[in-house]
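Since the structure comes first, as structure tokens, the remarks are kept for the end.
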Number of protein chains: 2
Amino acid sequence: MRTVTPMPKLASNPFKKHQHSQCIRDALHSAEGLCKKNGFRLSNVRKRVLELIWESHQALGAYAILEQLGKEGVKPAPPTVYRALDFLLEAGLVHRINSLNAYIGCNHPKDSHHGSYFLICQHCHIVAEIHDKRIDEEVASLAERERFSISERALEISGTCQHCQETQHAR
Amino acid sequence: MRTVTPMPKLASNPFKKHQHSQCIRDALHSAEGLCKKNGFRLSNVRKRVLELIWESHQALGAYAILEQLGKEGVKPAPPTVYRALDFLLEAGLVHRINSLNAYIGCNHPKDSHHGSYFLICQHCHIVAEIHDKRIDEEVASLAERERFSISERALEISGTCQHCQETQHAR
DNA sequence: ATCTGTAATGTTATAATATAACACTTTGCG
DNA sequence: CGCAAAGTGTTATATTATAACATTACAGAT
């Protein structure tokens, strides 16, 4: 059997203009489906945190989420947000961007992909998630050679997105 | 001209048994050479911080470094350590492991490699630095397709090293 | 050898991120 | 309903990192 390595692809392309409200609806809808299917409880706090992350259209920090929640009612204490984030991370609904201490939504939680890789614009803080089978394979073979058993992997590529290069300034 | 993609290799292999005191000597020696060559000032604090990182043989946090410095004299305030770390990072003498908020020594600061990739044992916290041209190339082509201009990249692979798998417990 | 400007360090305070521990409430289910 | 488990609230605190300003050390010019 011949295997063809497919072109790596963006899970979607947040750097391009798009109707972001549609992203949010889709994400929430698929999150609800996933939770129902797996018996996870997508409580109000959890749902609202997920929405806020999607609405921001950027990597969003825990305390930024707290601020937002504060604006729309009683400001909860940090553990509330961190617990919601833990849940969402577990469920695969968000990713943590270590280099930013911030979180982004994941729009394909169903896929049991090997690794997610991220293009992070340092100007606009938009983050694009990438899947790349070639990198997956190379990482796997690397680890195997070292007899290293992988549990997680994170590739964070920081730089400037096309849009910010063109406008030559931070947004 | 035919190019052969070389096997990716560990910059050295900290998972294997070795005379670590030799690592430390080599690292310090090459650091001094590099600083002399580039007109960097490897002051006492900076040198001692670099030594401590190498001596620990693991990823070491800023406050762990502070503790150590405290044990051998007057405990400095955090900025002292963070400044030393900033210098060492700039000089390419250490790397920051984002997923651990910790630092490891780099033993080949002369190489202007594209990216460094890390195998991080979650049990013993030993970190191995890897260079892999195939990943470099794949990342570069990925970014080019998106017209994304890269300034930094970090691939952190977490899991269990061979030794910890065999002994089946954390060290 | 002294002066002088820059780089490095010291010092104090505080910001930003994250979690521990325990009390209380909600929810699904028998 | 009543119970157990899951989720949330609350208070306090741990951990990581930086801002701002004062002081000291150092390399190069005179």
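These numbers come from the heavy atoms of this one structure, side chains and all, not from hydrogens, waters or symmetry mates. A, B, ... follow the sequence lines: proteins, then strands. Residue 1 opens every chain.
Scanning residues 38-72 of chain B for heavy-atom distances under 4.0 Å to DNA chain C yields B/R41, B/S43, B/V45, B/R46.
When atom types are taken as modelled, the side chain of B/R46 and the backbone of B/R41 share a donor-acceptor pair closer than 3.5 angstrom. Counting only distance, with no hydrogens or angles, the side chain of A/E138 and the backbone of B/D132 share no donor-acceptor pair below 3.5 Å.
By the 4.5 Å heavy-atom criterion applied to side chains, A/H131 and A/S116 are counted as neighbours.
In this structure, CZ of A/F87 is placed 11 Å from C1' of D/dA6, rounded to the nearest angstrom. Spacing between atom CG of B/D86 and atom P of D/dA19 amounts to 10 Å, rounded to whole angstrom units. Between A/Y103 atom OH and C/dA16 atom C1' there is a gap of 12 Å when expressed in whole angstrom units. Spacing between atom OH of A/Y82 and atom C1' of D/dT10 amounts to 17 Å, rounded to whole angstrom units. Separating the NZ atom of A/K75 from the C1' atom of D/dG9 is a distance of 16 Å, rounded to the nearest angstrom. Straight-line distance from the CG atom of B/N98 to the P atom of D/dT16: 14 Å, rounded to whole Å. Rounded to whole angstrom, the span from the CG atom of B/L89 across to the P atom of D/dT18 amounts to 11 Å. A/R83 places its CZ atom 14 Å from the P atom of C/dC22, with the value rounded to the nearest Å.
With D/dT18, D/dT11, C/dT11 as the choices, the nucleotide that has an atom nearest any side-chain atom of A/P79 turns out to be D/dT11. When distances run from any side-chain atom of A/A77 to the nucleotides C/dT11, D/dT11, D/dG9, the shortest one goes to D/dT11.
With sequence neighbours left out, A/H57 forms a ring pair (Phe, Tyr, Trp, His ring centres under 6.0 Å) with A/H18, A/H20.
Of the candidates A/L50, A/V49, A/I104, A/L50 is the only one forming a side chain to side chain contact (heavy atoms under 4.5 Å, CB included) with A/V94.
Counted by atom type alone, A/S149 and B/Q165 present zero donor-acceptor pairs between their side chains at under 3.5 Å.
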